[in-house]
Amino acid sequence: MLIITRRAGEKIMLGDDIVVEVMEIVGSTVRVGIQAPRAVPVYREELWDLIRAENEAAASAAPDEVADPFARVTTV
Amino acid sequence: MSTLTVESTRFGTLELAPETVIEFPAGLIGLGGARFALVTTEPDSAFAWLHSVDDPSLALPVTNPWLFFSDYEVKLSKGETSRIGAPEGVDPEVWVIVRAAERPEDFRVNLRAPIIVYNGQGHQVINEAPDAPVRARLFPQLVTQAA
């Protein structure tokens, strides 16, 4: 992992298009500003991880013959 | 135009019309994948499969959220909205991913990260609306009955 020390107001470039700026440091909290092309989604890591895990679970949990339980339930 | 053939590990040979293929510029969160198609196994089913065109073993069941959650709301940040690119007043297609289970009462649906399809492109987005859990019960009434 690359580790860079920055002060408030300083920035980091990821390639030519993505700018990460340390906006403000208050106690143990850092406010970070991110400018990225609109095609690049930006997530908080914990939310990304939660959704990644849920996607994986959905892809592997689904039985091959999922139509039967679905059909039975939707007619209730 | 000729169809695309996918040798699905779930469904066998799928013949997909090229216009049904949805491009996902950023893939599905954590799963990647660039091209998917919505595949239905039964004509009247409330459920479809978001099937990868490139990975024959990757498929996720999806449904129309409003069939189950009539007051479901999708609220997107400016960044997500511009990623989709739909003009104001145009409602793109919305799908939510279903996590199947053995018992129907254990089925879950991800209301937090729906899939938006517009103009041949798909995006899994973060829904900022309150009350949009990652693991909502799909059939909460069954749990109430059992209790």
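Throughout, protein chains are lettered first and strands after them, A, B, ... in sequence-line order, and every chain is numbered starting at 1.
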For atom CD of E10(A), decide whether the heavy atoms of other residues, nucleotides or ligands shown that lie under 6.0 angstrom number more than 12.
yes
For the CZ atom on R6(A), are there more than 12 heavy atoms of other groups (residues, nucleotides or ligands in this structure) within a distance under 6.0 Å?
yes
Where [X] and [Y] come nearest, the two heavy atoms and their spacing:
X: R99(B); Y: A61(A); result: CG-CB, 4.3 Å
X: P61(B); Y: A58(A); result: CD-O, 3.8 Å
X: Q124(B); Y: Y43(A); result: O-OH, 4.0 Å
X: A39(A); Y: A26(B); result: O-CB, 4.5 Å

Applying a strict 4.5 Å limit to non-hydrogen atoms, the region of R103(B) in contact with chain A is neither
Chain A: which of I97(B), L31(B), V125(B) shares the most heavy-atom pairs with it under 4.5 Å?
L31(B)
When rounded to the nearest 0.5 Å, the distance separating CG of L28(B) from CD of E56(A) is 11.0 Å
Return the CD to CZ distance between E54(A) and R108(B), rounded to the nearest 0.5 Å.
8.5 Å
Polar side-chain atom of R38(A) near backbone of S82(B) as donor-acceptor pair, under 3.5 Å
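Yes, R38(A) side chain to S82(B) backbone: donor-acceptor pair under 3.5 Å.
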Do [X] and [Y] sit in the same hydrophobic cluster, where Ile, Leu, Val, Met, Phe, Trp and Tyr count as joined when their side-chain heavy atoms come under 4.5 Å apart?
X: L138(B); Y: V74(B); answer: yes
X: I51(A); Y: V96(B); answer: no
X: V42(A); Y: I84(B); answer: no
X: W95(B); Y: I22(B); answer: yes
X: F68(B); Y: V134(B); answer: no

Apply the side chain to side chain contact (heavy atoms under 4.5 Å, CB included) test between I29(B) and each candidate in L50(A), D49(A), N55(A); give the one that qualifies.
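Going through the options one by one, the only one that passes is N55(A).
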Is the closest side-chain heavy-atom distance between I126(B) and R44(A) below 4.5 Å?
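No, side chains not in contact.
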